[in-house]
Amino acid sequence: MLAADWELVLDLKGSWAFTIGDNMDWAAPEFDDSDWESMAVPGQWEKNGFEGYDGYGWYRLKFSAKQISIKKDLYLHLGEIDDADEVYLNGVLIGSSGSFPPYFATAYNSKREYLIPRNLLRKDKPNFLAVRVYDEYYEGGILKGNIGLYKKSGAYSEFMSLEGLWDFKPTADGQPCLGEDKAGWDNIMVPAQWEHQGYDDYDGFACYRKVFVCPDYVAKRSHVITLGLIDDLDEVYINGVRVGSTGFDEWGKIPDRENGWAWKVLRGYVIPDNVLKAGQKNVITVKVFDKWGGGGIYEGPVGLIPTDMFTSFVKNIALE
């Protein structure tokens with residue numbers, strides 16, 4: 001497992017507002033939750049007044065970010081949640097794990113570490129977190145873990161994260177899905193196996209896509225895109241330019257003797273000069289082929305690191 005050193009920025013353990021049921025209006029920052037119950041986070045909801053309950057539940061929390069520096073990437077840690085969740089910050093979806101009925105898939109043993117988009121965290125007024133949870137059976141809720149806002153330190157100091165929500169769709173023809181068409185794409189968390197996100201037992205081709213604005217300081221310096229660990233093969237394009245591949249041949253085809261080694265190789269591809277567009281929209285597309293078992297961009301780090309720092313960056317990544 002690829003790991004990072006984490007530094008706590010804001011502890012969010014304690015009493016959150018909670019209710020059972022399901023209503024997407026509850027994600028809105030202006031919603032009035034004053035008549036909701038209180039729930040200890042972390043903690044099982046069965047041990048906090050909802051014994052035997054299975055189904056939907058929502059958590060809400062108001063917090064201030066006035067004293068928080070947002071010069072570096074911040075992550076929301078929610079520990080382990082049973083079974084599936086969606087997380088909203090100020091009304092915007094920032095992450096999810098598992099999938100909800102009618103295509104239920106549990107992610108009860110996954111660590112929730114969601115990147116917070118810098119433009120979403122408000123310093124001039126309160127911030128609102130809303131967590132939608134679905135529990136199929138047994139324990140339910142935000143069960144355990146270190147709940148709070150964190151930043152990465154050490155080897156990650158110059159790292160621009162691209163983790164979080166990506167576009168995703170399975171494909172039958174093995175094409176790289178270039179372009180920005182809207183039809184047929186779902187949201188998916190990266191990094192995480194696609195089997196934990198509603199694509200249980202899926203094997204074959206799929207495409208990932210991420211649109212982001214590149215800061216000037218990144219575009220003016222040579223960078224490597226690292227995509228962590230991918231199961232099994234990948235081919236990566238940035239703004240339509242093929243920047244690297246692991247497992248596929250030079251034509252983007254599966255070799256006749258594909259030997260099953262690619263899933264454990266850390267991806268790192270040097271981005272050619274003038275490919276990244278400073279201050280503009282950039283599109284990353286990743287074609288993936290999974291032969292069997294788990295599939296997808298399943299373990300980080302996922303993001304951009306200066307080329308001259310990549311070797312030391314990799315050496316400082318802890319392998320657990």
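- Side-chain atoms of Lys287 come within 3.5 Å of backbone atoms of Gly174 as a donor-acceptor pair (strictly under, hydrogens ignored).
- Listed by first then second residue, pairs satisfying disulfide (SG to SG under 2.5 Å) with a partner in residues 14-84 number zero, not counting sequence neighbours.
- Linking ILVMFWY residues whenever their side-chain heavy atoms come closer than 4.5 Å, directly or via other members, places Trp36 and Met39 in the same cluster.
- Checked against ring-ring contact (aromatic ring centres under 6.0 Å, His included), Phe63 has no partners two or more places apart in sequence or in another chain.
- Applying the salt bridge (charged side-chain N to carboxylate O under 4.0 Å, His left out) definition to pairs two or more places apart or across chains, those involving residues 195-216 are Asp167-Arg209, Asp181-Arg209.
- Taking the ring-ring contact (aromatic ring centres under 6.0 Å, His included) definition, one finds that Tyr202 meets it with Trp194, sequence neighbours left out.
- You'll find the side chain of Val302 reaches within 4.5 Å of the side chain of Trp166, heavy atoms only.
- Partners of Asp234 according to the side-chain hydrogen bond (donor to acceptor under 3.5 Å, both in side chains) rule, which considers only residues two or more places apart in sequence or in another chain, are Arg267, Tyr269.
- When hydrophobic clusters are built by joining Ile, Leu, Val, Met, Phe, Trp and Tyr residues whose side-chain heavy atoms come closer than 4.5 Å, directly or via intermediates, Met189 is grouped together with Val133.
- Between the side chains of Trp26 and Asp33, no donor-acceptor pair is found at a separation under 3.5 Å.
- With sequence neighbours excluded, the residues that form a ring-ring contact (aromatic ring centres under 6.0 Å, His included) with Phe100 are Tyr56.
- Here Asp85 pairs with Arg112 in a salt bridge; the nearest charged N to carboxylate O distance falls below 4.0 Å.
- In terms of the side-chain hydrogen bond (donor to acceptor under 3.5 Å, both in side chains) criterion, Thr19 has no residue partners (sequence neighbours excluded).
- The pair Arg122-Asp124 does not meet the salt-bridge criterion, since no charged nitrogen lies less than 4.0 angstrom from a carboxylate oxygen.
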Query raised in the report: Could you walk me through whether Tyr199 and Gln197 pass the side-chain hydrogen bond (donor to acceptor under 3.5 Å, both in side chains) check?
Result: CA-CA 6 Å; Tyr199 292 90; Gln197 303 183 74; over 6 Å; no
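- With sequence neighbours excluded, no residue forms a side-chain hydrogen bond (donor to acceptor under 3.5 Å, both in side chains) with Ser245.
- Aromatic pair Tyr114/Tyr75: ring centres not closer than 6.0 Å.
- The shortest distance between side-chain heavy atoms of Asp231 and Tyr298 falls below 4.5 Å.
- Taking Cys177 as the reference, Cys207 meet the disulfide (SG to SG under 2.5 Å) condition, with sequence neighbours excluded.
- Between Leu115 and Ser161, the closest heavy-atom pair is CD2-OG, 3.8 Å.
- Residues passing the ring-ring contact (aromatic ring centres under 6.0 Å, His included) test with Trp263, sequence neighbours excluded: none.
- Residues in residues 39-52 take part in these side-chain hydrogen bond (donor to acceptor under 3.5 Å, both in side chains) pairs, two or more places apart or across chains: Gln44-Glu139.
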Report task. Could you give me the CA-CA distance, side-chain angles and deciding distance for Phe18 and Phe50, then say whether ring pair (Phe, Tyr, Trp, His ring centres under 6.0 Å) is met? Result -> CA-CA 11 Å; Phe18 177 80; Phe50 296 90; 5.2 Å; yes
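- Sorted by first then second residue, the ring-ring contact (aromatic ring centres under 6.0 Å, His included) pairs that include residues 206-250, not counting sequence neighbours, are Phe168-Tyr208.
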